[in-house]
2 protein chains.
Amino acid sequence: MSERVSSGQPRSTSDPVPPRRRDAAATREAVLLAAREVFAELGYDRAGIRDIGARAGVDARLIGRYFGSKEGLFTEVVDLAFEKTMMMGPGHNHQAARSLLVDSTPEPADGMLIALRSASNERAAAIMRDNLERNYQRVVTDGLAGPDAAGRAALLIAVCSGVQLMRDILGNRALATGDLDKLVPYLEAALDAISATP
Amino acid sequence: MSERVSSGQPRSTSDPVPPRRRDAAATREAVLLAAREVFAELGYDRAGIRDIGARAGVDARLIGRYFGSKEGLFTEVVDLAFEKTMMMGPGHNHQAARSLLVDSTPEPADGMLIALRSASNERAAAIMRDNLERNYQRVVTDGLAGPDAAGRAALLIAVCSGVQLMRDILGNRALATGDLDKLVPYLEAALDAISATP
DNA sequence: CGGCCATGTCCTCAAACGAGGACATGAAAA
DNA sequence: TTTTCATGTCCTCGTTTGAGGACATGGCCG
């Protein structure tokens with residue numbers, strides 16, 4: 001089965017500093033960071049507040065006090081995760097295609113990973129939809145000229161989401177091995193076809 | 001394995017409690033149909049064998065006897081769901097784009113819906129990846145000329161998956177309302193950019 | 001016509017989940 | 001220094017999940 005976080009190893013992967021006693025802000029931050037990791041790995045449903053608390057080195061009950069509920073925590077995590085994301089549109093498509101196909105670390109696309117793995121939950125999907133439209137999609141829309149900018153921005157995000165789904169979540173072999181560089185021009189052309197002003 | 005369906009009509013959506021006699025084949029069929037619906041609605045994790053059994057009008061325990069486990073049932077459902085799916089590639093892209101954007105019923109894309117909603121589970125993802133590569137992706141690949149046909153087929157499927165994710169699962173408003181017909185040419189052009197022989 | 005095995009139904013179990021209230025404690029305020 | 005309240009910890013509860021074994025029953029074969 002998947003690895004369980006041991007109670008004796010409470011430190012987050014990016015938080016190597018142990019001496020934190022009573023500091024609400026630092027605790028909140030540690031919980032948010034751990035939650036972001038766990039949500040990205042397991043999705044909303046499979047991520048448990050016990051896992052998150054253990055990874056943050058914090059009692060699970062504290063999450064309820066700070067964020068109200070698991071759903072409240074998820075909302076804040078999604079806010080953070082979509083703050084800086086991969087850009088698309090004219091002038092960005094080559095980099096986006098490369099980033100999606102050949103780069104191995106999906107670090108900046110953290111938000112999308114959370115979205116893909118949490119899509120099965122209706123409440124989580126609604127939270128992500130609102131945040132996506134209000135922040136990320138808005139930025140992409142602003143970068144587009146021509147008619148139907150909002151719809152085309154949604155298409156661009158959809159294309160990138162689909163590639164990431166097939167590659168990182170389903171683990172499709174055609175997108176995991178071989179000459180992925182050869183596929184970059186195709187994906188780039190597809191993005192250009194949507195973002196180019198007609 | 002008798003082929004008759006004497007004890008009832010083919011099960012349909014929201015079938016409450018049909019009178020079931022003793023017919024193993026019909027029972028299997030009813031369970032598979034109900035499971036396909038429930039998996040498409042809720043995804044692998046949230047779908048319970050109790051739900052499936054209730055919708056099929058069958059004791060939940062019977063599922064364990066017929067299919068071994070929930071995972072075994074899922075495997076058979078995925079086999080069925082990808083049997084006939086939306087076609088992509090040269091000559092199909094306009095119809096595919098229309099089907100994804102303006103058609104409201106995602107009935108033929110049943111398999112993709114299951115895939116999108118079950119992506120969070122690693123075991124389910126592996127089952128779908130295998131089936132997708134072995135059946136659906138293979139057909140799309142055969143319809144493509146030129147180099148890197150397998151990778152480009154994966155890209156085509158990825159694009160369509162992404163659109164369906166944004167539209168049907170996340171419920172993005174830019175892809176749910178308004179003049180979706182105006183977006184069809186963009187999506188079609190994107191698909192063409194991938195499937196056209198360079 | 002009668003036996004019998006496939007078919008269907010019921011029970012339970014162990015584990016994991018989210019959420020909540022009572023209590024200890026340390027760090028800042030007076 | 002003393003007070004005090006935010007901060008952190010532990011407990012339980014009720015629910016739901018997937019899975020398994022024992023028993024009733026009915027349709028087909030002998």
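Throughout, a chain's letter reflects where its sequence line sits, starting with A, and its residues are numbered from 1.
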Sugar-phosphate only, base, or nothing, as touched by B:A47 at under 4.0 Å among non-hydrogen atoms: sugar-phosphate
Side-chain donor or acceptor of B:S99 paired with backbone N/O of B:Q95 under 3.5 Å: no
Out of D:dC10, D:dT7, D:dA19, whichever nucleotide has its closest atom nearest the side chain of A:Y66: D:dT7
Between C:dA16 (C1') and A:D51 (CG): distance, integer Å: 10 Å
Rounded distance (Å) that lies between atom P of D:dG21 and atom CG of B:L62: 16 Å
Closest listed nucleotide, where the reference is the side chain of A:R61 and the choices are C:dG20, C:dG18, D:dA19: C:dG20
Closest-nucleotide ordering on DNA chain C, the 5'-leading residue of A:R65 and A:R50: A:R50
B:S69 side-chain proximity, nearest of C:dA19, D:dG20, D:dA19: D:dA19
B:D130 with A:R173: basic N within carboxylate O range, under 4.0 Å: yes
Between P of D:dT9 and CD1 of A:I49, the distance in whole Å: 14 Å
Backbone of A:L100 reached by a side-chain donor or acceptor of A:R167 within 3.5 Å: yes
Touch class at under 4.0 angstrom, heavy-atom based, for B:G64 against every strand present: nothing
Atom pair distance, as rounded to whole Å: CG in A:D59 and P in C:dG20: 15 Å
Distance in angstrom units between B:Y44 OH and D:dT17 P, rounded: 14 Å
Side chains of B:R36 and B:D110 in contact at under 4.5 Å (non-hydrogen atoms): yes
Between C:dG18 (P) and A:F67 (CZ): distance, integer Å: 15 Å
Presence of A:T27 side-chain N/O under 4.0 Å of D:dG8 phosphate oxygens OP1/OP2: yes
A:R50 side chain vs A:D59 backbone, donor-acceptor pair below 3.5 Å: no
Between P of D:dG20 and NZ of B:K70, the distance in whole Å: 14 Å
Whole-Å gap separating P (D:dT17) and CZ (B:F74): 17 Å
